[in-house]
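All remarks here apply to the structure that follows.
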Amino acid sequence: MPRTETSGHFLERLPWLTALRRHLHAMPELSREEEATSRLVADELRRLGLVPHEHIGGFGIVAQIAGSSEGRSVALRADMDALAIQENTGLAYSSQMPGRMHACGHDGHMAMLLGAAAYLAETRNFAGSIYLIFQPAEERYGGARSMLEDGLLERFPFERIFSVHNWPGLPIGTIAVQDGPVMAGTNEFEAIFTAPGAHGAMPHLSGDPILAGGYLLTGVQQIVSRSIDPLDPAVVTIGSFNAGAAQNIIPKEARLRGTYRAFSLEALDHIRQRLEDAVRAAAVMAGVTAELVVDGPDFPPVVNVQGEASVMRRVAASIVGQSRLPACRPSMAGDDFGMFLTHRPGAYAWIGNGTESPGLHQPDYDFNDDILAIGAELLAGTAEASLRSMQS
Ligand SMILES: [Zn+2]
Ligand SMILES: [Zn+2]
């Protein structure tokens with residue numbers, strides 16, 4: 001594999017990064033609960049001679065690395081939170097927390113960003129400022145939005161932003177940086193149908209929440225197939241339908257939970273409106289009352305800006321070689337990094353976690369430590385290259 005002149009800096013740090021990643025892996029914390037994780041990151045930053053600004057948008061941290069001279073500014077972002085999943089890898093450094101697991105590799109992303117920080121803080125071979133952003137609550141609650149609402153852009157005025165995610169299915173030693181859409185915009189919802197309830201032999205005495213749920217279940221599938229441009233990717237999935245306990249009783253309530261995803265805020269907004277219509281229509285048909293609870297504003301899609309994506313791709317090519325930059329199709333999975341991209345231009349790369357890797361959010365998933373040096377070098381190199389591209 002071709003490596004840059006600076007690759008040695010990162011390979012040298014691989015044992016440290018691996019130990020750090022495994023330490024983080026053993027102590028997963030859920031979204032908005034990343035207290036110990038945050039403390040550990042802050043301590044590592046201090047050890048590198050940096051000043052961590054803590055408690056930004058929850059347990060978020062930002063640290064600035066000043067270059068050798070004045071100039072422009074860029075940010076690098078890593079996510080911090082884990083998932084409510086029981087780990088089943090059998091690894092020596094498995095989660096010590098029952099029912100919690102770093103099953104999305106955010107432990108690895110934090111280690112990569114600390115690896116980039118170590119190199120950048122030592123070399124400072126750039127003009128301007130590089131901001132390191134450790135973002136909490138990516139999986140739930142929109143930590144990116146919380147950091148922005150906490151004055152992130154005002155306090156740390158970065159002009160470009162970059163991030164990475166490990167990607168199971170892509171070979172080790174590959175990096176994918178797409179132009180345009182990378183990850184879908186998302187939201188989650190719950191529909192609640194209620195009625196007085198009745199004996200199953202006397203349906204005329206109550207509306208039927210289960211029937212309403214049935215209508216909604218099939219109705220939402222028509223949102224995408226009948227009201228979205230077939231050339232615009234979108235999906236609505238109901239993953240949970242709870243109602244009733246007895247075979248001969250019409251229950252008082254049915255609850256359906258789901259998610260919708262698309263690649264533009266307009267399409268997301270359209271789905272949300274059609275979802276409201278479908279819930280209302282299902283309630284009328286089944287003679288029940290309905291409530292739709294949507295999880296706040298839609299999360300925007302991750303859409304790479306072409307200029308920034310090409311900066312990142314050039315750096316990626318210098319690390320792994322031009323032939324190891326696969327062209328990938330976007331994913332309907334989401335990442336709230338898209339929130340940052342609605343404020344500043346930037347790009348987001350997928351780093352191959354191996355073709356044999358179990359998928360993200362699986363109990364047998366594990367981040368591959370072999371890619372720590374690649375990720376750290378990609379982040380650091382992209383920050384330097386982006387600063388250079390703005391200077392010229
Ligand atoms: Zn995830
Ligand atoms: Zn993730």
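Quick caveat: nothing in here was measured; it's all calculated off a predicted structure. First listed ligand is number 1; within each ligand, the first listed atom is number 1.
Judged purely by distance below 3.5 Å, without hydrogens or angles, the side chains of E139 and S31 never pair a donor atom with an acceptor atom. Using a 3.5 Å distance cut-off with no hydrogens or angles, the side chains of Y365 and N166 do pair a donor with an acceptor. There is a side-chain donor-acceptor pair under 3.5 Å between Y93 and D366.
Among the heteroatoms counted here (N, O or S) of H361, NE2 is the one nearest to the Zn ion (ligand 1).
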Determine all donor-acceptor pairs shorter than 3.5 Å in which one atom belongs to a side chain in residues 276-285; sequence neighbours excluded.
residue	atom	partner	partner atom	Å
D277	OD1	R280	NH2	2.7
D277	OD2	R274	NH1	3.3

Donor-acceptor contacts under 3.5 Å from residues 227-246 side chains, at least two apart:
residue	atom	partner	partner atom	Å
S227	OG	I223	O	2.7
S227	OG	H270	NE2	2.9
D229	OD1	L231	N	2.8
S240	OG	N242	ND2	3.3

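Remark: D298 engages R272 in a salt bridge (charged side-chain N to carboxylate O under 4.0 Å, His left out) (not counting sequence neighbours).
Counting only protein N, O or S atoms, 3 lie closer than 2.8 Å to the Zn ion (ligand 2).
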